[in-house]
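As structure tokens, the structure follows; a few thoughts come after it.
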Amino acid sequence: MPCLSCLIQVPLAIHVDGHRSSELRKAISTLDLTPHRDEGRTRHKLINSSLLLKACIRSGNLDLGKLLHHKLIHSGLPLDSVLLNSLISLYSKCGDWQNALSIFRGMGDMRDLVSWSALISCFANNTMDSQALLTFLRMLQSGIYPNEYCFTASIRSSSNAQYFSIGRVIFGFVLKTGYFDSHVCVGCALIDMFVKGSGDIQSARLVFDKMRDKNLVTWTLMITRFAQLGLLNQAVDLFCSMLVSDHTPDRFTLTSLLSASVEIGFFSLGKQLHSWVIRSGLASDVCVGCTLVDMYAKCAADDGSVENSRKVFNSMPRHNVMSWTALISGYVHGRQEQEAMKLFCNMLHDHVAPNCFTFSSVLKACANLPDFSFGKQLHAQTIKQDLSAINCVGNSLINMYARAGKADCARKTFNILFEKNLSSYNAAIDANANSEESFNHDIGHTGIGPSSFTYACLLSGAACIGTIAKGEQIHALVVKSGFGTDLCINNALISMYSKCGNKEAALQVFNDMAYRNVITWTSIISALAKHGFATKALELFYEMLEIGVKPNDVTYIAVLSACSHVGLIDEAWKHFNSMHYKYGICPRMEHYACMVDLLGRSGLLLEAIKFIYSMPFDADALVWRTFLGSCRVHRNTKLGEHAAKLILEREPQDPATYILLSNLYASEGRWDDVAAIRKSMKQKKLIKETGYSWIEVDNQVHKFHVGDTSHPQAKKIYDELDELALKIKNLGYIPNTDFVLHDVEDEQKGHYLFQHSEKIAVAFGIVSIPKPKPIRVFKNLRVCGDCHTAMKYISIVTGREIVVRDAYRFHHIKNGKCSCNDYW
DNA sequence: CTAGGGTTAG
């Protein structure tokens, strides 16, 4: 990826009509404004200034206007009302109402009707509606009779719902004066007053129908308001009436209709309008072009290709930020991130400055890119351009950090947002879903109601931590707030209950659902697979196929892992081979990894390695890590070393591989090799992910490390552990000291084993959770083999059911047996 | 000299 700061020059020079603006600048700077004793000559100078000022206002070149103002003040010329009124208008358009007002105040007796109109418009333009209406009132009080300009401006200010009642009074006034019939602009303002001030499109339509003279602008305005309210039928009807009454639609009419049809996904209408655009010669208009690029980009999901969007883009004579952004967004939505980033660079090469929408889109692409560095560069650029705190950019940044697992960066970005909307909260909740912090985003106090996405994120957060109490609370909230039948939420509920260890509740949700999609089926199949109920999982898979739900790539991962967890080799081969020819799904790396896992677990190490080398693409670290895990279980150091070497070639900084290899050496008593690995890890400053376990008791999550004595009830827990150790030894439990890495006496090793975090968590569960509730323990890494054995004995001596969720799967341990059949 | 309509993100 290229370096962004080389490409983006901040601030970018604005070339607005460069040719004419340079002429204007020359005319202003060479303008001689020294007063002349001949009155006629002085008058001529004032007229010239007035003409130049008008040119500045019309071309929107406000800087040159200010320059001219400056020259006029210092010239000592006696400025007339026409010039001063123009200056008010200039400042009004700059948003500089203070200067406009001070000119107005300085005018004294020179104020005329135009000055008042200009000031009222100035307040109306700058969303100072109360000031506009007060100025209108003051004007009436000082005995000046309003004209159509004053009416349009004050009606515009009454479009603010707060002042709608004043607007109705002005409406009555207008009807009496006859301005309604004689001036189109007044009618237009009234249409907007009803739509924006009270959402009353019917009255707006009535105003429209009663207008005597209607021009193109009036028709377009009415059509646009219908379109913006989603009333596309009425907009199209009106469009037809407009054609019948012999008005030719222009670029405004068409962009407005086009964007409305895109908004509701009515692409066939959009395509018809495109043909109109071509016939009417509007295709060269930048704005119309932008909307068309956007339309074809958005209907790419329907016709499967961004190419049409690109064709329109290529045919445009000129481009701006919007056309670039529309096309880039199309590629981002089509998951062609590389192409989107390429276009983004092209856009910068073309000296088009990105805006907040562009950043929002490209950041979304970055969230899906494996390389995180480009996203960080973009973040820096948004900060440089003061855009990072704007909603649409900030929310995308939070999403990106959420994807990258950088919850702290996401939180920092969230904190500096100017204004937090529902998307911001959802993004932040999503980013922190893996930590308890997500529940501290108290959306209830913000006045923003939660959406189904909010609940889905909260549920996935609860699922990650495994806090079933929180999960149940959210479930209750979902039902209470009327989201009980929402498909996405129900899917999230299935995986929440599954990941919290309550397979029955997951099935309950599944059975109660009236509508199910492929995600629903995949979730339940995957849930059953992880809990060791492969037969039931496959049954549901066949049921799903029978009722005609088409499986996707994720479904097959669930199916293959179901087979893998119980060692159904033939069944797995059947599905692996059929996924492509039956459903056109190409096996991805993850599918191959599932097969390697299956073969490896079954001890078919040679077949597994043959399979890896027969893959159509180079196996990645995930595949080799899976294989290495099997080598450890089946104690094949030679193949294990081979796998580890290949993983470290791909991911030299991966501590998990060192640990797996070191465990492999340890199980063979090769302590020198273990020490060498530890030393090399230390040199590389790699930190092993520390193992820990947790358990939820009375709504509280209790977390334990190896040999943890920090818990307030530590004494009680260790007493229980001692007692359990004694009981299960009598039953025949022999500590498996392979799982202790230190080169110490066996007696000592047994002692270390009883300090493992999962055993501590189980002991705590036994003393604090009453029978017959199951004890649900969670571990961040894979559960240790000795702990697994010990827990089976513990389930016998205590008569308790123990459910362990480790990094890979669930173990339901009851009466000395585990749902994984010791096959893990 | 003062007034009215359109496009892009999640």
Side-chain angles (χ1 to χ4, degrees), chain A residues 50-51 53-54 57 80-90 92-93 100 112-122 124-125 146-156 179 183-193 215-225 227-228 249-260 262-263 282 285-295 297-298 320-330 332-333 354-364 367 390-399 421-424 426-427 430 451 453:
Chain A
S50 182
L51 286 173
L53 192 53
K54 257 205 294 186
I57 294 170
D80 61 7
S81 66
V82 173
L83 204 50
L84 290 166
N85 289 343
S86 294
L87 284 169
I88 293 176
S89 165
L90 172 79
S92 161
K93 280 176 182 152
D112 54 15
L113 181 56
V114 177
S115 323
W116 285 98
S117 310
L119 189 68
I120 297 170
S121 299
C122 171
N125 285 343
N147 63 3
E148 66 274 23
Y149 294 97
C150 299
F151 278 126
T152 32
S154 48
I155 292 170
R156 247 187 325 136
Y179 277 116
H183 294 280
V184 201
C185 287
V186 177
C188 287
L190 283 168
I191 290 175
D192 259 0
M193 186 189 83
N215 62 11
L216 180 58
V217 175
T218 326
W219 282 96
T220 306
L221 173 67
M222 199 64 235
I223 290 169
T224 304
R225 295 296 169 257
Q228 282 170 340
D250 68 354
R251 58 211 175 100
F252 291 100
T253 329
L254 282 161
T255 38
S256 167
L257 269 176
L258 271 168
S259 83
V262 173
E263 181 73 26
L282 287 169
D285 181 80
V286 188
C287 286
V288 176
C290 287
T291 321
L292 284 169
V293 171
D294 182 51
M295 179 187 84
K298 290 211 171 113
N320 60 10
V321 211
M322 284 182 196
S323 57
W324 280 102
T325 305
L327 184 64
I328 290 171
S329 306
V332 176
H333 279 290
N355 63 11
C356 58
F357 294 111
T358 326
F359 278 118
S360 177
S361 251
V362 218
L363 283 166
K364 196 184 167 199
I390 291 174
N391 232 306
C392 84
V393 176
N395 292 352
S396 299
L397 280 167
I398 300 170
N399 274 324
N421 62 13
L422 183 56
S423 292
S424 327
N426 285 342
D430 193 27
S451 68
F453 189 73

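Hydrogens, waters and symmetry mates play no part in the numbers below; they use all other heavy atoms, side chains included. Sequence lines set the chain letters: A, B, ... in the order given, protein chains first and strands last, and positions in each chain run from 1. Please read these numbers as outputs of a predicted model, since none were measured by experiment.
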Legend entry - Minimum-distance nucleotide (side-chain atoms of S256(A) versus dA3(B), dT7(B), dG6(B)): dG6(B)
Inset, instruction - Check every atom of dT2(B), dT8(B), dG5(B) against the side chain of M322(A) and return the nucleotide holding the closest atom. - result: dT8(B)
Legend entry - Sugar-phosphate, base or nothing in reach of L83(A), heavy atoms under 4.0 Å: nothing
Inset, instruction - Rounded to the nearest angstrom, tell me the gap between atom CH2 in W219(A) and atom P in dG6(B). - result: 18 Å
Inset, instruction - Answer yes or no: does a side-chain N or O of R225(A) lie under 4.0 Å from OP1 or OP2 of dG4(B)? - result: no
Inset, instruction - May I ask you to say what D285(A) touches in the nucleic acid, namely base, sugar-phosphate or nothing, with a heavy-atom cut-off under 4.0 Å? - result: base
Inset, instruction - Look at H183(A) and dG4(B) and indicate whether a side-chain polar atom (N or O) is within less than 4.0 Å of OP1 or OP2. - result: no
Inset, instruction - Please evaluate the base of dT7(B) for a donor-acceptor partner in the side chain of T291(A) within a cut-off of under 3.5 Å? - result: no
Legend entry - Nearest-neighbour nucleotide for the C188(A) side chain, dG10(B), dT8(B), dG4(B) considered: dG4(B)
Inset, instruction - Give the rounded distance in Å between these two atoms: CZ of F151(A) and C1' of dA3(B). - result: 13 Å
Inset, instruction - Ignoring the backbone of N215(A), work out which of dT2(B), dA9(B), dG4(B) is nearest its side chain. - result: dG4(B)
Legend entry - Rounded distance (nearest 0.5 Å) linking atom OG of S361(A) with atom CG of N355(A): 10.0 Å
Inset, instruction - Using a cut-off of strictly less than 4.0 Å, decide whether K298(A) has a side-chain nitrogen or oxygen near OP1 or OP2 of dT7(B). - result: no
Legend entry - Minimum-distance nucleotide (side-chain atoms of C287(A) versus dG5(B), dA3(B), dG6(B)): dG6(B)
Inset, instruction - Please work out if N355(A) contacts a base, only the sugar-phosphate, or nothing of the nucleic acid, heavy-atom cut-off 4.0 Å. - result: base
Inset, instruction - Measure from the side chain of D250(A), starting at C-beta and using heavy atoms only, and say which of dG5(B), dA9(B), dT7(B) lies closest. - result: dG5(B)
Inset, instruction - Could you check which of dA9(B), dG6(B), dG4(B) has an atom nearest any side-chain atom of S329(A)? - result: dA9(B)
Legend entry - Closest listed nucleotide, where the reference is the side chain of S360(A) and the choices are dA9(B), dG5(B), dA3(B): dA9(B)
Inset, instruction - Looking only at side-chain atoms of S117(A), point me to the closest of dG10(B), dT2(B), dG4(B). - result: dT2(B)
Inset, instruction - Starting at atom CD of E263(A), determine the distance to atom P of dG10(B), rounded to an integer number of angstrom. - result: 12 Å
Inset, instruction - Answer with base, sugar-phosphate or nothing: what part of the nucleic acid does V286(A) contact at a heavy-atom distance below 4.0 Å? - result: nothing
Inset, instruction - Scan T218(A) against the nucleic acid and name what it touches under 4.0 Å (heavy atoms): base, sugar-phosphate only, or nothing. - result: base
Inset, instruction - Tell me what S396(A) touches on the nucleic acid: a base, only sugar-phosphate, or nothing, going by heavy atoms under 4.0 Å. - result: nothing
Legend entry - Options dT2(B), dA9(B), dG6(B), nucleotide nearest the side-chain atoms of D294(A): dA9(B)
